[in-house]
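Worksheet: the structure to be examined is printed underneath.
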Amino acid sequence: MSTDTRRLLLIDGHSLAYRAFYALPVENFSTTTGQSTNAVYGFVSMLINVLASEEPTHIAVAFDLGRETFRLEEYPEYKAGRAKTPPEFHGQVELIQDLLRALAVPVVTQEGFEADDVLATLAVQGTAAGMETGIVTGDKDSFQLASPSVTILYPKRGVSELARMTPEAIEDKYGVSPENYRGLAALVGEKADNLPGVPGVGDKTAAKWLTKYGDLPAVLAAADDIGGKAGENLRAHLSEVERNHRLNRLVTDLELATSAAEAVRGEADREAVEALLDQLEFQVLGRRLEPLLGAAAAPAADAEIPVPRLVDAAGLVEFVSGLDAEAPVGVATDARFELGLGTVDAIGIAQGDAAVTADLTTLDPAAVDALSELLGSHPGLVLHSAKPQLKALAQAGYPLPHLALDTEIAAYLLVPDQRTYELADLCTRHCGFSPAVAEDEPEAGTLDLGPADAASALTGIGRSAWAVLPLAAVLRERIEAAGMTGVLTDIEIPLVTILARMELTGIAVDRSGLTALGAEFGAQAQASADAAYAAIGHEVNLGSPKQLQTVLFEELEMPRTKRTKTGWTTDADALTDLFVKTGHPFLEHLLGYRDTTKLKQTVVGLERMVADDDRIHTTYLQTVAATGRLSSIDPNLQNIPVRTDAGRRIREMFVPAAGDGFADLVTADYSQIEMRIMAHLSGDAGLIDAFRAGEDLHSFVGARVFDVSTDAVTPAMRSKVKAMSYGLVYGLSAYGLSKQLRIGVEEARGLMDEYFERFGAVQEYLAGAVESARRVGYTETMYGRRRYLPQLSSDRRQVREMAERAALNAPIQGTAADIMKIAMLRVDAALAEAGLASRVLLQVHDEIVLELADGEFDAVAELLATTMGAAAELEVPLEVNIGRGATWQQAAH
DNA sequence: TTTTTAGCCA
DNA sequence: ACGTGGCTAAAAAC
């Protein structure tokens with residue numbers, strides 16, 4: 001192509017925005033105000049790429065305008081049956097148009113026509129003017145426009161790659177010329193446009209006919225000569241094919257406001273572009289837009305992704321010894337876990353622009369030493385999702401490193417309610433590159449090493465090790481800007497190592513006791529089931545809500561309960577109500593069955609997770625709970641039953657490793673920590689007095705609410721007050737309270753009014769918390785941990801009120817989580833400092849469980865009480881309860 | 001394979 | 001419509 005050729009680039013805006021929307025995970029692209037930006041991001045990213053690769057002299061972007069098109073007029077079902085546009089897509093096209101306007105890129109539309117018609121017209125004008133034309137569109141109808149001077153750039157795989165559909169490429173792929181593509185499409189049909197074609201005819205058959213007869217009119221004329229089922233179908237669908245052919249013709253003679261020759265980019269409005277990028281919270285993308293802003297050549301923002309070197313043992317030693325002891329070091333591995341047992345075969349290490357990958361299974365002692373030295377002593381190690389990798393390395397005999405940063409945790413703190421924090425996505429979003437390059441190259445952590453692609457898998461790990469470094473730099477800046485450096489570096493990052501140790505240690509269980517208990521619960525469940533069957537005279541799957549509904553509401557004609565999406569609820573509350581109303585024994589047995597099967601399932605689930613060392617190694621997730629709490633999986637040890645006697649028998653199965661010098665378990669839990677935080681944050685004098693006086697909180701509050709003396713508070717009054725106090729922390733309504741206490745709404749409202757009368761500062765605090773969250777967009781814990789709640793400004797009431805309740809709860813639940821995390825760090829440090837062998841095994845939100853080394857109880861109890869009690873400075877004391885026993889249950893107090 | 005229902009914890 | 005934050009299992013829907 002000579003340099004003086006004029007090159008015209010035409011873009012189908014709507015089609016590309018839609019492609020981008022589905023190519024990029026919407027949950028990873030939204031602003032703090034809740035505006036989704038994935039389609040905008042993908043579109044702009046594509047625009048930058050295509051401008052760089054095509055270097056057009058002329059450009060235009062077309063959008064569909066208006067619902068009424070001539071196609072819809074002729075065929076009312078045109079594009080009918082399409083799935084509704086997802087709500088997250090709304091507004092993104094407008095944002096793209098705003099951005100294009102600010103960039104002075106011509107936008108061309110025509111009322112009553114689709115973007116494709118506009119592009120077709122411009123392409124024809126361009127060809128007439130001797131221009132080379134490229135059309136970027138995800139609509140195959142435009143293939144009919146391909147010619148020696150017109151190429152269709154069709155997105156494959158997301159929006160990052162464009163297939164160049166020249167006439168030859170179309171001929172190759174479909175077996176027809178661009179002129180005949182319309183005929184092919186008419187025969188085959190287009191599902192997305194609701195244009196059915198000839199049944200049983202696909203690209204191959206259509207191409208065969210078109211080649212044989214020349215073009216579509218000739219095929220239709222020869223329809224009677226075509227044999228077989230396909231020919232029969234063709235004859236039966238002639239009118240549809242003709243209709244498709246009329247509708248898929250693109251209009252090339254529109255009178256447009258801008259002609260191809262006039263489609264030239266003007267001078268960008270830099271301020272407007274920057275304001276928009278700010279609003280979209282795009283940072284890296286903004287730098288990549290620099291060249292479009294007409295400024296002096298900006299430095300290339302695209303990081304050069306180095307190709308990691310595959311090194312052997314000697315190469316690893318050389319690389320490690322050459323590392324700067326001050327500068328950050330990126331590390332990635334292929335660690336994976338099964339029942340608490342980790343495996344790691346490969347490691348990537350990077351610093352600056354250099355990255356290597358090594359096969360850990362082939363290292364010699366010198367290399368192992370060098371690696372141990374690096375992991376054990378380097379102060380700047382950065383990993384993405386460090387904990388599983390640290391655990392696997394530790395099990396492989398390497399020291400538990402000092403972690404400088406975990407990029408997954410940093411990303412979580414910035415947006416704690418995101419679903420995933422994958423390295424590749426974060427790099428794309430924050431750094432403008434993606435470390436996962438080749439499609440056949442597995443990502444770190446997911447590889448299955450076959451001999452053929454072992455090398456590419458290994459370089460993927462090295463690339464990940466390198467990628468965390470630029471990501472870390474960006475995330476650190478953003479964490480600092482949000483005031484969360486303290487939460488990150490003083491709480492979350494040091495906690496990783498502690499959790500890793502807790503998980504590696506696990507908690508011992510009585511394996512045969514579990515088996516026996518499971519069998520016992522199983523037998524009880526079977527007995528309840530048999531009794532239930534006897535009560536109705538036949539068997540039914542008691543675990544199937546659908547079958548239960550048939551029995552309860554049709555067979556037994558009981559009154560209908562609350563609606564669910566698919567019928568009527570059969571939950572325990574509803575069944576209890578029904579039992580009160582009907583007294584039918586089936587209900588009683590069903591409830592008994594539910595209880596015991598649940599217990600049995602819990603026991604069986606635990607049994608499955610016992611590792612070879614007779615211990616259960618749960619995994620704590622540090623980036624899941626939006627409030628800052630931990631969560632626990634595989635198995636979840638934060639929801640082991642405790643409320644019933646039968647349930648507590650499961651806690652009897654958790655024991656110390658007596659043979660290893662651990663005689664007992666110890667539990668330490670914060671008493672009423674959330675109410676204490678409420679007292680502190682609200683500054684309510686009444687609540688603060690109650691805690692300072694060390695009185696029973698609920699009796700104290702009950703005395704005020706019911707206007708009696710503290711010792712005149714009955715158990716019934718106390719339990720009402722307790723439910724209310726906790727409910728308030730979560731935004732409970734009078735209706736909810738009435739349901740929970742099985743009292744009237746008016747009585748519930750009376751209780752709440754009385755409560756707020758006596759504890760006015762609590763009400764003020766709660767109202768103020770929502771108000772300030774609405775204003776700044778996020779809630780904050782005492783330690784600065786944020787949760788963004790853009791839905792506080794939603795105009796949908798249900799959505800908004802849900803956000804309001806979250807805003808009430810997040811600072812309190814989150815502060816409690818912060819305090820417990822700080823306590824864990826200090827307890828761990830204090831145990832080590834005191835030279836004690838007792839160790840922390842579990843965390844259950846406000847409780848920790850320790851394995852007590854022989855003879856250490858007094859020291860440990862003292863240490864726990866002091867350290868946990870002093871973990872935070874509140875207006876009220878932090879009370880810690882400590883218990884000791886031969887099982888988790890017995891250690892409870 | 002994903003969604004729905006139910007139930008356990010703080 | 002009506003209390004927050006989690007995880008798991010089984011059935012049902014896809």
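If you're wondering where the values come from, they're calculated on a predicted model, not measured in any experiment. Just so we're on the same page: letters track the sequence lines, and every chain starts at 1.
Applying the 3.5 Å distance criterion, the base of B:dC8 shares a donor-acceptor pair with the side chain of A:Asn639. Under 3.5 Å, the side chain of A:Arg629 and the base of B:dA10 form at least one donor-acceptor pair of N or O atoms.
Close to C:dA9, at under 4.0 Å from its OP1 or OP2, lies a side-chain N or O of A:Arg608. Between C:dC2 and A:Ser738, no contact under 4.0 Å exists linking OP1 or OP2 to a side-chain N or O. A close approach under 4.0 Å does occur between a side-chain nitrogen or oxygen of A:Arg643 and OP1 or OP2 of B:dC9. Considering only side-chain N and O atoms, A:Arg594 lies under 4.0 angstrom from the phosphate OP1 or OP2 of B:dG7. Not one side-chain nitrogen or oxygen of A:Thr570 sits closer than 4.0 Å to the OP1 or OP2 atom of B:dT5. Note on A:Lys546: every side-chain N or O is 4.0 Å or more away from OP1 and OP2 of B:dT4. Dashed line: the shortest gap from a side-chain N or O of A:Arg805 to OP1 or OP2 of C:dG3 is not under 4.0 Å. Phosphate proximity of C:dG6 to A:Ser632: absent, as no side-chain N or O sits under 4.0 Å from OP1 or OP2. Phosphate proximity of B:dT4 to A:Thr564: absent, as no side-chain N or O sits under 4.0 Å from OP1 or OP2.
A:Val729 comes within 4.0 angstrom of nothing in the nucleic acid, heavy atoms only. Looking at heavy-atom distances under 4.0 Å, A:Ala626 makes contact with sugar-phosphate atoms alone, never a base. At the heavy-atom level, A:Glu801 lies nowhere under 4.0 Å from the strands shown. Residue A:Gln601 is in sugar-phosphate contact alone, with no base atom involved, counting any heavy-atom pair closer than 4.0 Å across all strands shown. No contact: A:Arg800 has no heavy atom under 4.0 Å from any strand. Nucleic acid contact for A:Leu737: none, since no nucleic acid atom lies under 4.0 Å from a heavy atom of the residue. Residue A:Ala817 is out of contact with every strand shown, counting any heavy-atom pair closer than 4.0 Å. Counting non-hydrogen atoms under 4.0 angstrom, A:Thr602 reaches nothing in the nucleic acid. Residue A:Ile812 is out of contact with every strand shown, counting any heavy-atom pair closer than 4.0 Å.
Of the listed nucleotides (B:dT4, C:dA12, C:dT4), B:dT4 has the atom at the smallest distance from the side chain of A:Thr566. Of the candidates C:dA11, C:dT8, C:dC2, the closest approach to any side-chain atom of A:Ser544 belongs to C:dA11. Taking every side-chain heavy atom of A:Thr627 into account, C:dG5 is the closest of B:dT5, C:dG5, C:dC7. Set against C:dA1, B:dC9, C:dG3, the side chain of A:Gln798 has C:dA1 as its closest nucleotide. Which of B:dG7, C:dC7, C:dG5 sits closest to the side chain of A:Asp571 comes down to B:dG7. Nearest nucleotide to the A:Lys598 side chain, out of C:dT4, B:dG7, B:dC9: B:dG7. Considering only side-chain atoms of A:Asn809, the nucleotide from B:dC8, C:dG5, C:dG6 that sits closest is C:dG5. When the nucleotides C:dA1, C:dA12, C:dG5 are ranked by their closest atom to the side chain of A:Gln813, C:dG5 comes out on top.
Because its NZ or CZ atom is both nearer than 6.0 Å to the ring centre of A:Tyr778 and within 45° of the ring axis, A:Arg786 counts as a cation-pi partner of that residue. Cation-pi geometry between A:Lys391 and A:Phe337 is met: under 6.0 angstrom from the ring centre, within 45 degrees of the axis.
Note on A:Arg797 versus A:Glu804: no salt bridge recorded, every NZ/NE/NH1/NH2 to OD/OE distance being 4.0 Å or above. Between A:Glu757 and A:Arg704, none of the side-chain N atoms (NZ, or NE/NH1/NH2) sits under 4.0 Å from a carboxylate O, so this pair counts as no salt bridge. One finds a salt bridge joining A:Arg742 and A:Asp577 here, because a Lys/Arg side-chain nitrogen approaches an Asp/Glu carboxylate oxygen to under 4.0 Å. A salt bridge between A:Lys722 and A:Asp696 is absent, with no side-chain N of the basic residue lying under 4.0 Å from a carboxylate O of the acidic one.
Separating the P atom of B:dA6 from that of C:dC2 is a span of 15 Å, rounded to the nearest Å. Nucleotides B:dT3 and C:dG3 have their P atoms positioned 25 Å apart, rounded to a whole Å.
Residues A:Asp818 and A:Thr781 have side chains that bring a donor and an acceptor to within less than 3.5 angstrom of each other.
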